[in-house]
Amino acid sequence: MEPHKNSMIVIVIPWILSLRMIGINVYYLCTAFVGWLIHNNLPKVANVFIGIIVFPLMAVYAVAIIYLAFRKDTVQTHIETKNEPAMQTHMERGFTANGQLELSQVTYREDLADIPPPQ
């Protein structure tokens with residue numbers, strides 16, 4: 001395969017999987033709520049008011065998930081080093097060419113390893 005086709009596969013497959021997961025999540029959320037609404041012992045008026053409140057919240061939930069899936073990341077998480085090992089080492093250590101510590105030019109990247117465990 002060409003490099004361009006590999007990158008397209010890497011992009012398309014996660015999108016397909018995430019859209020399927022969103023669909024499954026919304027389907028089970030809706031069917032579980034409607035099943036509860038049909039089979040509970042509340043009066044019909046209470047069911048109507050609960051439906052009026054919950055269905056718009058579920059729509060907001062679905063729209064929020066779709067927004068998160070399609071938004072563009074605006075945070076720079078890496079610095080281009082042009083495959084130069086020396087430049088990569090200097091960047092990781094926070095040094096510039098003259099040897100001075102310059103952390104203001106390096107964007108902070110919080111990896112999962114840096115996050116403290118819950119207490």
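This one's a predicted model, so the numbers in the text were calculated from it and none came from an experiment.
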- Message: Please say yes or no: joined through hydrophobic side-chain contacts below 4.5 Å, possibly via intermediate residues, are Val26 and Val34 part of one cluster?
- Response: yes
- Query: Going only through I, L, V, M, F, W and Y residues with side-chain contacts under 4.5 Å, is there a path from Trp36 to Val54?
  - Reply: yes
- Message: Is it the case that atom CE in Met21 sees more than 12 heavy atoms from other parts of the structure closer than 6.0 Å?
- Response: no
- Item | Residue Phe49 excluded, over 12 heavy atoms near CZ under 6.0 Å | no
Roughly how far, to the nearest 0.5 Å, is the [atom2] atom of [Y] from the [atom1] atom of [X]?
X     : Y     : atom1 : atom2 : value
Ile22 : Leu68 : CD1   : CG    : 8.5 Å
Asn47 : Asn41 : CG    : CG    : 9.5 Å
Ile13 : Ser18 : CD1   : OG    : 12.0 Å
Ile65 : Leu19 : CD1   : CG    : 11.5 Å
Leu42 : Ile50 : CG    : CD1   : 5.0 Å
Ile38 : Thr31 : CD1   : OG1   : 10.5 Å

- Leu37 to Gly51 - nearest heavy-atom pair and separation: CD1-CA, 4.4 Å
- Message: Less than 4.5 Å apart, side chain to side chain, heavy atoms only: is that true for Tyr61 and Ile66?
- Response: no
